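Structure, as structure tokens:
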Number of protein chains: 4
Amino acid sequence: MPRIGQEPKRRAALVAATVEEIGAKGSLDVTVGQIAKRAGMSSALAHHYFGGKAQIFLAAMRHILTQYSLDVRSALASAAPGQRLEAIIDGSFDENCFTPAAISAWLNFYVLAQRDEEAARLLRIYQRRLNSNLVHALRGRCNDPAAGAAVIAAQIDGVYLRAALNNGDMTGAAAQVRGVARALMGARA
Amino acid sequence: MPRIGQEPKRRAALVAATVEEIGAKGSLDVTVGQIAKRAGMSSALAHHYFGGKAQIFLAAMRHILTQYSLDVRSALASAAPGQRLEAIIDGSFDENCFTPAAISAWLNFYVLAQRDEEAARLLRIYQRRLNSNLVHALRGRCNDPAAGAAVIAAQIDGVYLRAALNNGDMTGAAAQVRGVARALMGARA
Amino acid sequence: MPRIGQEPKRRAALVAATVEEIGAKGSLDVTVGQIAKRAGMSSALAHHYFGGKAQIFLAAMRHILTQYSLDVRSALASAAPGQRLEAIIDGSFDENCFTPAAISAWLNFYVLAQRDEEAARLLRIYQRRLNSNLVHALRGRCNDPAAGAAVIAAQIDGVYLRAALNNGDMTGAAAQVRGVARALMGARA
Amino acid sequence: MPRIGQEPKRRAALVAATVEEIGAKGSLDVTVGQIAKRAGMSSALAHHYFGGKAQIFLAAMRHILTQYSLDVRSALASAAPGQRLEAIIDGSFDENCFTPAAISAWLNFYVLAQRDEEAARLLRIYQRRLNSNLVHALRGRCNDPAAGAAVIAAQIDGVYLRAALNNGDMTGAAAQVRGVARALMGARA
DNA sequence: AATGAATGAGGATTCATTCAT
DNA sequence: GATGAATGAATCCTCATTCAT
């Protein structure tokens, strides 16, 4: 078996292990050793690939946010023109990213963003993209698309936060946000 | 100067210092030494009064949640019967508790709650109380008070979360939540 | 009630508490605070009376060795001339000093003596006195009183040591040492 | 120099350093740092290999007791059938284990056994083995081999204890115990 | 590529001791 | 006489990181 091409696999394994470990611990207080062990390699190798703990965390963040983007994009791709908003909401609660571990990690990344400028930048990108998607989807369906987008975005985050406190269990999350959306659009008439 | 009866003062100073330090660092990774220094005493004394780091954190959490409760309660006390909902919302963004440090600490306490059962208990109490206040305030003003309360609560938390990412700066927060409330109630007719 | 004359009582209470605490913990790793608490006073007062932890320990040692001396002396006082040896042995296992706490403390004082010259001095005094008592008691009853005394003394200490390992429980201790004594004296004929 | 396979060496060095340090200090109050320094490594490495201070102590105890067992066994192996008792006694005072440091450490391990169940277990094993060896060696040579074994065992421990108080210097120790044995066996006739 | 070896720095916690009242 | 207040020093232990192989 060729040992070539191990690097991408190793990196992916470390990123996945990071999310799982943060999710399991419910905290950023995870050691590189724990992450590496979960990924089946030595901590020295983790350093070798990523350079340091901070970069491992950032890679994990990028992974989660990328996954989220993909979910929303795929939902939008197959959405009827008048159903874009619903598609975004459903994509936000896709089970790909709506796992307890991911939710916990996501919350912790908000914390990380308070210290780490790069982490904050990543989160802002995500927020901006979500916002722009929402504005676009609300255009013509409510009086003030910008304000509406802010409300929906905050509602999504708020729902995630509640889920984080309840071990990731939150049935009816998408339905609740859809309801808010309906109310906003109904208020137009 | 009397050297007696210092305990309450010291405890209060430590609690305040804890919130400030967590806020300043944006993380629970604050050392007892840092907290104690900010509070003007040795770390040994902090341990003497609280027993350990965990208890210091919990005391700080209790303090923030208590302060929040007081703000809401005082807003409710002076509210006209039909303005209870607006009072809760305004109380939630009272400048007493809506400081950058408190917002950051609040976010970090959500994280703490993922590991620490006592912290989770405190947050659940706060959520339950807020929820019950909201249901009460929505009764007769919207079709489904329970669902409405969930929406408002999530919206408040979502707005806080956004504020946490933006260094606590979020003007128009209360107005936005009021808007959601109006939409929910308008949807009744 | 006069507060006069508290000092002797306090000192005695601290000495007793020290022995008990060392016995209970099975270690010299007892804090002044624990001792003082057991004696019903503040650690500051313990320091006030004794000057420091080392002196508290030494006072406790003196107390145990003095108690032992008294037990042996009283046994000797009421012993028939030909029963002096048996009296010493019985006195060594008098229930006054043969309590689990005292045995444990005694072992720990041997340890203390390895570091603390004053503690070593106290133990040597005890050993010399015991030795001289034994030599005197063996005179005329065995060939080599000096050698016999060394044997009996070592046997007593060995028995104590075994008791220390078995939570102070050692029935038949005195009988065993008496047996050794008989053998030694029998060997004379 | 190969950097591989260091663990056994490091562990052995730490065990030896532990005995030496306890012997030098005459106390279990030795820090991991002191032990590690004496063994020529960082305290972190000591923790890495043993997991904690308690395990370092236990390993040192096991080492001493194992050494003692080996000394006795080797003495027994080359003993004439009628000289088993004398062999055990001589083995107990073999200069391999009868060093001042080892004697001091041995005493301290008795103290450790009062707190630590595993330490107590190790000592009990040693006592049981010694006892069984002695009973076997006394069979047919004295009236009550069990009682005789208890006497010899206590005598050995008592002699060790005296040595501990005298900086490990005790010439004539083996001779004294041999004398007791002779007396016991002579008492049979 | 991969890892065991190794460490320096740092943090929670404990405790003897001092001091002001 | 008696104590709560207060702290500096010390200790165990953890961890990110580096290095030699």
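Keep in mind the model is a prediction, meaning the values are calculated, not measured. Just so we're on the same page: letters track the sequence lines, and every chain starts at 1.
- A donor-acceptor contact closer than 3.5 angstrom links the side chains of D/Lys9 and D/Gln6.
- Checked against F/dA16, F/dA2, E/dT17, the side chain of C/Gln6 finds its nearest nucleotide in F/dA2.
- If you check F/dA20 for Watson-Crick or wobble pairing at under 3.5 angstrom, you find it paired to E/dT3.
- Closest contact between the side chain of C/Ala44 and the listed nucleotides F/dA6, F/dT3, E/dT7 involves F/dT3.
- To the nearest angstrom, C1' of F/dT17 lies 15 Å from CG of D/Leu45.
- When each of B/Ala54 and D/Met41 is assigned the nucleotide of DNA chain E bearing its nearest heavy atom, the one mapping closer to the 5' terminus is D/Met41.
- OP1 or OP2 of F/dA6 sits under 4.0 Å from a side-chain N or O of B/Arg10.
- Judged by distance alone, the side chain of B/Thr66 and the main-chain N or O of B/Arg62 form a donor-acceptor pair under 3.5 Å.
- Straight-line distance from the CG atom of B/Asp29 to the C1' atom of F/dC15: 12 Å, rounded to whole Å.
- Mapping B/Gly51 and A/Ser43 onto DNA chain E by nearest heavy atom places A/Ser43 at the nucleotide closer to the 5' end.
- At least one donor-acceptor pair closer than 3.5 Å links the side chain of D/Thr18 to the backbone N or O of D/Leu14.
- A straight line from CD1 of D/Ile35 to C1' of F/dC13 spans 14 Å, rounded to a whole angstrom.
- Within the structure, every side-chain polar atom (N or O) of A/His47 is placed at least 4.0 Å from both OP1 and OP2 of F/dT18.
- Judged by closest nucleotide on DNA chain F, C/Gly40 is the one of C/Gly40 and B/Ser42 placed further toward the 5' end.
- For F/dG1, the OP1/OP2 oxygens have a side-chain nitrogen or oxygen of C/His48 closer than 4.0 Å.
- Counting to the nearest Å, the P atom of E/dA16 and the CD atom of C/Gln55 are 14 Å from each other.
- Counting to the nearest Å, the C1' atom of F/dA16 and the NZ atom of A/Lys37 are 17 Å from each other.
- Residues D/Gly52 and A/Val32 both approach DNA chain F. Their nearest nucleotides, taken by heavy-atom distance, put D/Gly52 toward the 5′ side.
- Going from atom OH of A/Tyr49 over to atom C1' of E/dA2 covers 8 Å, rounded to whole Å.
- Here the P atom of nucleotide F/dA10 and the CD atom of D/Gln34 are 11 Å apart, to the nearest Å.
- Closest to the side chain of D/Thr31, out of F/dT11, F/dA16, E/dT7, is F/dT11.
- Rounded to whole angstrom, the span from the NZ atom of C/Lys9 across to the P atom of F/dA2 amounts to 10 Å.
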Side chain to side chain contact (heavy atoms under 4.5 Å, CB included) between B/Leu112 and B/Arg115, worked out: CA-CA 6 Å; B/Leu112 182 59; B/Arg115 278 171 278 161; 4.2 Å; yes
D/Ile22 vs D/Phe57, side chain to side chain contact (heavy atoms under 4.5 Å, CB included): CA-CA, chis, key distance, verdict: CA-CA 10 Å; D/Ile22 291 176; D/Phe57 277 179; 4.0 Å; yes
